[in-house]
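Everything numeric in this text was worked out from a predicted model, so none of it was measured. Here is the naming used below: chain letters follow the sequence lines, and residue numbers restart at 1 for every chain.
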Amino acid sequence: MNPTSARKTLPRLDESLLSHLPPFSRLDRRQVREILDLASVRRLDEGVAVFEEGAPAERFYMLLDGYIRVMRITPTGEQVIALHIPAGQLFGIAKAIGRDTYPATSVTASEALVLSWPMRVWDDFVARYEGFATETYKTVGQRLGEMNTRIVEMATQQVEQRVANALLRLINQTGRKVEGGIEIDFPITRQDLSEMTGTTLHTVSRLLSGWEKDGIVASRRKRITVTDPHRLVLVSQGHAPR
DNA sequence: CCATTAATGTGCA
DNA sequence: TGCACATTAATGG
């Protein structure tokens, strides 16, 4: 059985799925209905590629549940993780940046629920739906800003600071409050963290172990909780963990 | 259970 | 850091 790749035209989706999300929140019920009627839904397992870098951008997507990891492959075959996208955001919106191929690969970082539309309706959406364009460009701008920040970090900060910053971003964007701290809401390995920060999994492993001793983080396999965000901020600013 | 694989941890150049 | 190897945790018979 493979429930992950079947694109279903489901028993009508409910308007409330979209009506509170920024790109659609200014629309009336009838407009949301039109949009939903054009959409396909897919339920995806963790680790499944939604689309690949360089492929023709045939569809754009809205993540309804779960997390998406955006990654690129270097010429030497190394993976680099550009960013993570939380539920409620559009992705694969190549048209918004003037492209007709996807600029990066998107893989589910957890189980995910995804809506998609054929790219040919993009211009219609922009033209007809109040707020859609401004909200999507806001999203594009935010991601651009984040990537810029990362470039500066890469060029100016020590590994320890970069990993601390990556962790802080993750808990800010995808953190879930648990007792004792804030946990990254999807499975994440040391390897993943190293691919976000330009290091090796070994270095990340050592850093996390050290921070765990200091009481800054707690981790179990594929799960990381930041237990002392304040001290992690200090580390990200170049202070010694203690 | 046991075998296999994935993830994590450690010692050393 | 980078790498080889040890250890531990998940997964599939």
At a cut-off of 3.5 Å, list every protein nitrogen or oxygen paired with a nitrogen or oxygen from nucleotides 8-13 of chain B, distance to 0.1 Å.
unit_1 : atom_1 : unit_2   : atom_2 : d
B:dT8  : OP1    : A:Lys222 : N      : 3.2
B:dT8  : OP2    : A:Arg190 : N      : 3.1
B:dT8  : O5'    : A:Arg190 : NE     : 3.4
B:dG9  : OP2    : A:Arg190 : NH1    : 2.9
B:dG9  : OP2    : A:Ser205 : OG     : 3.0
B:dG11 : O6     : A:Arg206 : NH2    : 2.9

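For residues 130-179 of chain A, the pairs satisfying ring-ring contact (aromatic ring centres under 6.0 Å, His included) are A:Phe24-A:Phe132, A:Trp122-A:Phe132, A:Phe125-A:Phe132, with sequence neighbours left out. For residues 159-181 of chain A, no residue pair satisfies the ring-ring contact (aromatic ring centres under 6.0 Å, His included) rule, not counting sequence neighbours. Sorted by first and then second residue, the pairs that involve residues 102-114 of chain A and meet side-chain hydrogen bond (donor to acceptor under 3.5 Å, both in side chains), not counting sequence neighbours, are A:Arg43-A:Glu111.
Every ring-ring contact (aromatic ring centres under 6.0 Å, His included) that A:Tyr67 has, sequence neighbours left out, goes to A:Phe186. The salt bridge (Lys or Arg N to Asp or Glu O under 4.0 Å) search around A:Glu34 returns A:Arg30, A:Arg128, not counting sequence neighbours.
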